[in-house]
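All chains are named by letter (A, B, ...) in the order of the sequence lines, taking the proteins before the strands, and each is independently numbered beginning at 1. Note that these values count all heavy atoms, side chains included, but never hydrogens, waters or copies made by symmetry. Keep in mind that what you see is a predicted model, and the values were worked out from it rather than measured.
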Amino acid sequence: MITLSLPSPAKFIPPSPKSKNLKSRRIRNPDFEALKDTLIRQANVGNLKQAISTLDHISQMGFTPDLTSYTVLLKSCIRTRNFQIGKLLHSKLNDSPLEPDTILLNSLISLYSKMGSWDTAEKIFESMGEKRDLVSWSAMISCYAHCGMELESVFTFFDMVEFGEYPNQFCFSAVIQACCSAELGWVGLAIFGFVIKTGYFESDICVGCALIDLFAKGFSDLRSAKKVFDRMPERNLVTWTLMITRFSQLGASRDAVRLFLEMVSEGFVPDRFTFSGVLSACAEPGLSLLGRQLHGRVIKSRLSADVCVGCSLVDMYAKSTMDGSMDDSRKVFDRMADHNVMSWTAIITGYVQSGHYDMEAIKLYCRMIDSPVKPNHFTFSSLLKACGNISNPAMGEQIYNHAVKLGLASVNCVANSLISMYAKSGRMEEARKAFELLFEKNLVSYNIIVDGYSKNLDSAEAFELFSHLDSEVGVDIFTFASLLSGAASVGAVGKGEQIHARVLKAGIQSNQSVSNALISMYSRCGFAKHGFAHRAVELFNQMLEDGIKPNEVTYIAVLSACSHVGLVDEGWKYFDSMSIDHGITPRMEHYACMVDLLGRSGSLEKAVQFIKSLPLNVDALVWRTLLGACQVHGNLQLGKYASEMILEQEPNDPAAHVLLSNLYASRGQWEEVAKIRKDMKEKRMVKEAGCSWIEAENSVHKFYVGDTKHPKAKEIYDKLGKVALKIKEIGYVPKTDLVLHEVEDEQKEQYIFQHSEKIALAFGLISTSKQKPIRIFKNLRVCGDCHNAVKFISVAEGREIIIRDSNRFHHIKDGLCSCNDYW
DNA sequence: CTAGGGTTAG
């Protein structure tokens, strides 16, 4: 019988790899050996602070810590990503008389590589001389690959081969990783050929992982990635995690989840990286329940405070919570043990993308810069987007200045975000300036500026850029979507049709965003003849037939198209099938579309019934839609109810006050009007002053109510008087009931003719060419009498008139308006 | 020491 003698667990210390060398030393001091053993144990369990003080203790005792101690400590720093202590060790090593060996220097390269300090890593690598081995080469190749210096990485690989070293699996995996981009994918494929000859493809897990990435990241080709995965003779947790993460990143969320379940059933235990990958996949709509269940498993695995898992959870809850609430996301963020750039960026981005928490995002940024964590280019992109959302270019500029100071200003996505921020704030001149100053204009930059011009109703400029893009850079789905929305915004349906033709020629009509933009364009351009709104509905049906998946946006477009042409039954049909057939939970916008549809067709009671039948309380948007319909149909009772509901949720909503006041005024109930006005005054609510502007003679002319400041004021009012007479002759009757003050009828008519949109139109009539349509912009909704008068003027003067108000555009021609008299 | 992760402008 054989008995094994083992040391008791308390005394057992794992042998260090260098113990053989140590035995050869002649002098062994027991105190030194004991301290060293302690140090190694502390380092191995990741207790770096104590290990460092043990190291100091060794020096204080008069011993010189040996290379093994440094190596073990450094490895632990790399494993736990403790860069601060890593750098401290490096400086201690420089101060010590020790001559670092290859392993220690390689470890230092790896440390600086993981920190992103490629320059320090490079210096160490170059100083190594004879000590350089295959590990040094592969560490350096890998360092360049991870620091965004892919070409440097490839060249270093070739240098190594030229130097006479024969690459092993580590070198191959490092250099292939550098080639995992669209630009260098072909180099990766060439190296793949080399790998096959060496036989590493069949035998090494690292090489397999790199090849999976070559296909997934370099070619977005998940099928080939899966082929590599299936052919690998051995798969470990890293391999599975890599597959799950890449599938998730490329939008194959359900496949990612399937892989995860398969992995678990094969007995692998997911770690922080695996959870991170699969949770990201669960941000996709429809997978949130699974995401919550996985969160439970994360807690059981004691990983809930981990930064990496936390990031994915923050992102998942931000994206998957239906009502856009950030509560769950924030809870996860607040419970995380500590934060890094990514977790800060994840929560800030979550707030920005949820739609209405831009200020919260900026507040968090203020907290972030008080912490030791520095923002990166992703953080700045999101923050600039937030500033654009709230149209605050001044704040955006401040934040951009921070990016300048951190040397991130010229990073593509930061500079592009700045342009987008200006464009969203209506500052097209600044946007254009920033665009022209771009160091490198990519397709995204062009799409932002084209979209900017489109949204800011300068479709001429947008189309001009488009033709440049078309011939020089190339266009993509975003360009088409922007142009379609631009065409829709100014009612340029002819241009829209041209783009539609191009879409068909390019064969991209089956793309979801393009399809949505097309439907939306035809829906918004629903002219009096109903032709285009019908076309929107037709396109939608065709989209379904072609098997393109509709999303929430599609339904907003198609429901509003139904609303524009009064297709009540179809509207109901689509609304029902949205959730039943396509699993899309209706949002407030969809409810608002239905209320609009019912309200427009005069079924106000049905609209109220609809709201009451819903399983949840609707928000102010829906009630405002109802209130608008009440105003058009003069239903005071329901209007009052609707505005009460709005004010319950948004007590200081000026729009609700004004709409209700207008409703009372149209019924001549002046006491009520006065009450509301007083209430508004007390609450210090500012009603935006109505103003209209028009572009003529190469500049913008802006008019307020009763404005007489314009140099051509006399001519304008003369023209206005003449036009008033002309249209009365052909049947125009002033809607004096829309005057919101209690005055005599004759005075009311005067008031009405001082409205800013009429003044702007009169100016347009005397200063623009008869062939071109007159384009007027108004900051508020166009007044009912003005709308009516403009229809008559279009006949009397034979002009095409387009009014873009705060709500929509009105394309008025031959006495008819594209809005079908509902807005 | 050398393979995997989370944040990203249209």
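If you check the side chains of A/S69 and A/D66, you find a donor sitting under 3.5 Å from an acceptor. Using modelled atom types and a 3.5 Å distance limit, the side chains of A/Y144 and A/E122 yield a donor-acceptor pair. Side chains of A/S136 and A/D133: a donor on one and an acceptor on the other come within 3.5 Å.
In this structure, CG of A/D204 is placed 13 Å from P of B/dG4, rounded to the nearest angstrom. We find that CZ of A/F125 is positioned 13 Å from C1' of B/dT2, with the value rounded to whole Å. In this structure, the CG atom of A/N389 is 13 Å from the C1' atom of B/dG10, given to the nearest Å. Computed from coordinates, the A/K217 NZ to B/dG4 P distance equals 8 Å when rounded to whole Å. The interatomic distance linking A/L108 (CG) with B/dC1 (C1') rounds to 10 Å, in whole Å. Atom CD1 of A/I141 is separated from atom P of B/dT2 by 14 Å (rounded to the nearest Å). Distance, A/L303 CG to B/dG5 P: 17 Å, rounded to whole Å. Atom CD1 of A/I348 is separated from atom P of B/dT7 by 14 Å (rounded to the nearest Å).
The side-chain hydrogen bond (donor to acceptor under 3.5 Å, both in side chains) search around A/K385 returns none, not counting sequence neighbours. Under the rule for a side-chain hydrogen bond (donor to acceptor under 3.5 Å, both in side chains), the partners of A/R502 that lie at least two apart in sequence or sit in another chain are A/D470. Scanning for ring pair (Phe, Tyr, Trp, His ring centres under 6.0 Å) contacts around A/Y365 gives A/H402, with sequence neighbours left out. Residues passing the side-chain contact (heavy atoms from CB on, under 4.5 Å) test with A/A256 are A/I244, A/F247, A/S248, A/A281, sequence neighbours excluded. Applying the side-chain hydrogen bond (donor to acceptor under 3.5 Å, both in side chains) criterion to A/T245, with sequence neighbours excluded, gives no partner residue. In this view, A/R330 and A/D334, A/E360 satisfy the salt bridge (Lys or Arg N to Asp or Glu O under 4.0 Å) rule, not counting sequence neighbours. Among residues two or more places apart in sequence or in another chain, the side-chain hydrogen bond (donor to acceptor under 3.5 Å, both in side chains) test is passed with A/E284 by A/S253.
An OP1 or OP2 oxygen of B/dC1 is reached within less than 4.0 angstrom by no side-chain nitrogen or oxygen of A/K114. Phosphate proximity of B/dG10 to A/Q353: absent, as no side-chain N or O sits under 4.0 Å from OP1 or OP2. Listed pair A/T345 / B/dT8 fails the phosphate criterion, with no side-chain N or O lying under 4.0 Å from OP1 or OP2. Side-chain N/O atoms of A/H146 include one lying less than 4.0 angstrom from OP1 or OP2 on B/dG4. Phosphate contact (OP1/OP2 of B/dG4, side-chain N/O of A/Q177, threshold under 4.0 Å): present. Within the 4.0 Å cut-off from OP1 or OP2 of B/dT8, not a single side-chain nitrogen or oxygen of A/K385 is found. For B/dG5, one of the phosphate oxygens OP1 or OP2 lies less than 4.0 angstrom from a side-chain nitrogen or oxygen of A/R246. Taking 4.0 angstrom as the limit, A/S110 places a side-chain polar atom (N or O) nearer than this to OP1 or OP2 of B/dT2.
Closest contact between the side chain of A/S142 and the listed nucleotides B/dC1, B/dT2, B/dA9 involves B/dT2. Side chain of A/N376, nearest nucleotide from B/dT7, B/dG6, B/dA9: B/dT7. Candidate nucleotides B/dG6, B/dT7, B/dG4 were compared by shortest atom distance to the side chain of A/Q249, and B/dG6 ranks first. Of the candidates B/dG5, B/dA3, B/dG6, B/dG5 carries the atom nearest the A/C308 side chain, counting heavy atoms from C-beta on.
Shown for residues 270-277 of chain A: residues whose heavy atoms fall under 4.0 angstrom of DNA chain B, namely A/D271, A/R272, A/F273, A/S276. For DNA chain B, the neighbouring residues in residues 128-137 of chain A, judged by any heavy atom under 4.0 Å, are A/V135.
A donor-acceptor contact shorter than 3.5 Å links the side chain of A/S280 to the backbone of A/S276.
Contact annotation for A/I448: backbone-only contact, meaning every heavy-atom pair under 4.0 Å involves sugar-phosphate atoms and none involves a base. Using a 4.0 Å heavy-atom cutoff across all strands shown, A/N168 reaches no nucleic acid atom at all. Contact annotation for A/V414: no contact, since no heavy-atom pair falls under 4.0 Å across all strands. Residue A/T349 is classed as a sugar-phosphate contact, given heavy-atom separations below 4.0 Å to backbone atoms only. Contact annotation for A/N412: base contact, defined as any heavy-atom pair under 4.0 Å involving a base atom.
Evaluation of A/F378 against the base of B/dT7 yields no stacking contact (centre distance < 5.5 Å, interplanar angle < 30° required).
Between the side chain of A/S138 and the base of B/dT2, a donor-acceptor pair under 3.5 Å is found. Donor-acceptor pairing under 3.5 Å, judged by distance alone, is absent between the side chain of A/N416 and the base of B/dG10.
Relative ring orientation between A/F194 and A/F157 is described as perpendicular, the plane-to-plane angle rising above 60° on a 0-90° scale split at 30° and 60°.
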